[in-house]
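Notes follow the structure.
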Protein chains: 2
Amino acid sequence: MNAARRSPAITPDASLRADDGSPARRGRLVQQEEDVFMRIQEAILDHRLPPGTQLKEVPLSEVFGVTRGMLRKVLTRLANTKLVEQRPNRGAVVASPSVEESRDLFAARRAIEGAIVDILSKRITRAQVKTLRRMIADEHQAYARGELRSGLKQSIDFHRVLAEMAGNSVLAEFLEELVTRTPLVILAYKDHKAREPGCDTDDHGAIVDALEAGDAATAARVMHEHLAELESQLNLREDHGSTDLAAIFSV
Amino acid sequence: MNAARRSPAITPDASLRADDGSPARRGRLVQQEEDVFMRIQEAILDHRLPPGTQLKEVPLSEVFGVTRGMLRKVLTRLANTKLVEQRPNRGAVVASPSVEESRDLFAARRAIEGAIVDILSKRITRAQVKTLRRMIADEHQAYARGELRSGLKQSIDFHRVLAEMAGNSVLAEFLEELVTRTPLVILAYKDHKAREPGCDTDDHGAIVDALEAGDAATAARVMHEHLAELESQLNLREDHGSTDLAAIFSV
DNA sequence: CACACATCGATTGTCAACAATGTTAATCCG
DNA sequence: CGGATTAACATTGTTGACAATCGATGTGTG
């Protein structure tokens, strides 16, 4: 079910090195695992490790200075969140989300975030509104200064915080996974002819307005539109998925 | 965040044995892992391994005739679906869902299954309606014959199939997790004074009716009510969670 | 020359011994 | 005798060596 965009089997030595070779290890082996997990995750989400890249265990473990077993655990964790795909006996590769999967992801986000704002509209506090408003202001500032990357990160955090505030840990965890997967989908399918995808409208502000007013229906509607717009900025036409030989050789 | 209902550290030798000691192993080591996974999962969902039970690696691996490493992987997988809790350096125990977690779970199911019926109402086929109707009939028969366990299992399958039919793999996977966790919650919190919780109303039929009619709103509403009723049959009052000493010693 | 088959190197998967940590029980003061 | 300290044990966590598998390359044959 994965888009068959296969990148060459990069051995990413130069790409994401930098580990203190110092053997200053305490009981923080778990810390170390977390660190490796985050580093690889970030590399994937930045497309420093593009979809399809083979993640070989030995080179990677050497780069990070951890044992192969540890790295293996990290790869499994990344597979759990669908950022990498583990093929039995054939190693792990960076996931290539298919169009269908990407659409499903956005549909799922609509469902879950719709529920989140619905819940939140009934229990949001003054302080929370204030926090959200400040986040939006910061976000706008970042965009205004042209700091696209920072702005995007803050946009994402807005959605995360919304989920936390709703106080439903189950939904929050699900959304966390979806929000993490979103950048991979965006980078994989962003339409180069269109403008940079992102939450640089004022939908966030409108959502907070509705939440403050306790207007669940409006909040949900704006959230839906917001996500639909984000999705619409992507180039999610079918083909991609099935290596279309005819098209490739322009027959 | 877990209900502190701690059961004695059962070493479940007699409880779930039975493994072919025959060394008829082929390349099916992964099969074996799946088998152990399912066996433990079923034991948990049946409350043969009640919440709080310690799952020690050596005894369990011996019972199933697998290596400790294999069992360890299984425990991690079970922890991923929240059926067991892994405490660093202190082993794994069967999860004790808290009241809050249980409520969140039902709220999440409402959100996700609401979205599922909404999607499905727009694309359901004749054949699918027929399949669902047959499932409902079978389910009713089971209940009518007093086969409670079978009926419950079929009720659950109904929800699963609905998710599959909607064709959104992301939502389907989320729901799969929630549906799996539900029996644990039910068994942990079922109100012994009330009647056996389950889907033995005809809500399922009403949902299919609405789906067939393409009436998304009604389908979603009935689904909501259906889940709300199931939740209401549980004894989800606060306390449970924080070992209430005063109550225990009736001070 | 195309295709099936065998061999070799590279890579992943498994295991059993070892290390680290937590838990329990005994011991030693105060 | 209560409470802390420490020693012995039980349990989990990690590692490096070994085994199984895959993919590529080369070879033989119709």
Side-chain angles (χ1 to χ4, degrees), chain A residues 2 4 6-13 19 21 23-37 40 49 52-80 83-95, chain B residues 4 6-13 19 21 23-37 40 49 52-80 84-95:
Chain A
N2 272 2
R6 57 176 51 208
S7 302
I10 294 176
T11 306
D13 334 68
D19 175 46
R25 349 163 181 150
R26 310 229 174 282
R28 55 176 184 181
L29 263 171
V30 45
Q31 196 79 359
Q32 207 178 31
E33 177 184 328
E34 204 58 26
D35 180 54
V36 174
F37 177 82
I40 300 184
L49 292 175
T53 310
Q54 287 207 35
L55 301 172
K56 303 199 184 152
E57 298 176 357
V58 176
L60 272 181
S61 60
E62 278 168 1
V63 166
F64 290 113
V66 299
T67 65
R68 198 160 70 88
M70 180 118 294
L71 191 106
R72 190 162 247 272
K73 243 194 305 183
V74 169
L75 287 180
T76 323
R77 281 179 61 191
L78 288 165
N80 285 338
L83 254 38
V84 323
E85 182 191 358
Q86 274 181 321
R87 304 161 303 177
N89 290 319
R90 302 190 51 228
V93 297
V94 177
Chain B
R6 59 176 49 210
S7 301
I10 293 174
T11 305
D13 332 68
D19 176 47
R25 350 162 178 152
R26 309 230 173 281
R28 55 176 184 181
L29 263 170
V30 46
Q31 198 79 358
Q32 207 179 30
E33 177 185 328
E34 205 58 26
D35 180 54
V36 174
F37 177 83
I40 300 183
L49 293 174
T53 310
Q54 287 206 36
L55 302 172
K56 302 197 185 159
E57 298 175 357
V58 176
L60 272 180
S61 60
E62 278 168 0
V63 166
F64 290 113
V66 298
T67 65
R68 197 159 70 87
M70 182 118 293
L71 191 107
R72 190 163 248 272
K73 245 196 303 184
V74 170
L75 287 180
T76 316
R77 281 179 60 191
L78 288 165
N80 285 338
V84 324
E85 182 191 359
Q86 274 181 320
R87 304 161 304 177
N89 291 319
R90 302 190 50 225
V93 296
V94 177

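A note on names: the letters A, B, ... follow the listed sequences, proteins ahead of strands, and every chain is numbered from 1. Quick note: numbers below take in every heavy atom, side chains included, and nothing from hydrogens, waters or symmetry partners.
Under the side-chain hydrogen bond (donor to acceptor under 3.5 Å, both in side chains) criterion, B/R77 pairs with B/E33, B/E34, sequence neighbours left out. Residues satisfying the side-chain hydrogen bond (donor to acceptor under 3.5 Å, both in side chains) test with A/Q86, not counting sequence neighbours, are none.
If you measure from atom CD of A/Q31 to atom P of D/dG13, you get 17 Å, rounded to the nearest angstrom. Regarding B/R87, its CZ atom lies at a distance of 10 Å from the P atom of D/dG13, rounded to whole Å. At whole-Å resolution of the value, CG in A/L71 and P in D/dG16 are 14 Å apart. Note: CZ (B/R72) to P (D/dT15) measures 12 Å, nearest angstrom. Rounded to whole Å, the distance from CG on B/L75 to C1' on D/dG13 is 13 Å. Regarding B/E57, its CD atom lies at a distance of 11 Å from the P atom of D/dT14, rounded to whole Å. Spacing between atom CD of B/E33 and atom C1' of C/dC15 amounts to 15 Å, rounded to whole angstrom units.
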N/O-N/O pairs, protein side and nucleotides 8-10 of chain D side, under 3.5 Å:
none

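Comparing D/dT12, C/dC15, D/dG23 against the side chain of A/R90 picks out D/dG23 as the nearest. Here the nucleotide nearest the side chain of B/K73, chosen from C/dT14, C/dC15, D/dT14, is C/dT14.
For a distance-only test at 3.5 Å, the side chain of B/R68 qualifies as a donor-acceptor partner of the base of D/dG13.
Proximity of A/F64 to A/V74: side-chain heavy atoms (C-beta onward) are nowhere separated by under 4.5 Å.
Note: B/E57 CD to B/T67 OG1 = 10.5 Å, rounded to the nearest 0.5 Å. Atom CZ of B/R87 and atom CD of B/Q54 lie 5.5 Å apart (nearest 0.5 Å).
At the heavy-atom level, A/G91 lies under 4.0 Å from the strands shown only through sugar-phosphate atoms.
Contact between the side-chain N/O atoms of B/T67 and the OP1/OP2 oxygens of C/dT14 is not found at any separation under 4.0 Å.
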(message) Evaluate B/Q32 against B/V66 for side chain to side chain contact (heavy atoms under 4.5 Å, CB included), listing each step before the verdict.
(response) CA-CA 8 Å; B/Q32 207 179 30; B/V66 298; 3.9 Å; yes
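Place B/N89 and A/N89 on DNA chain D by their nearest nucleotides, and B/N89 ends up nearer the 5' end.
A/V94 pairs with exactly one of A/L83, A/L78, A/L55 by the side-chain contact (heavy atoms from CB on, under 4.5 Å) rule, that one being A/L55.
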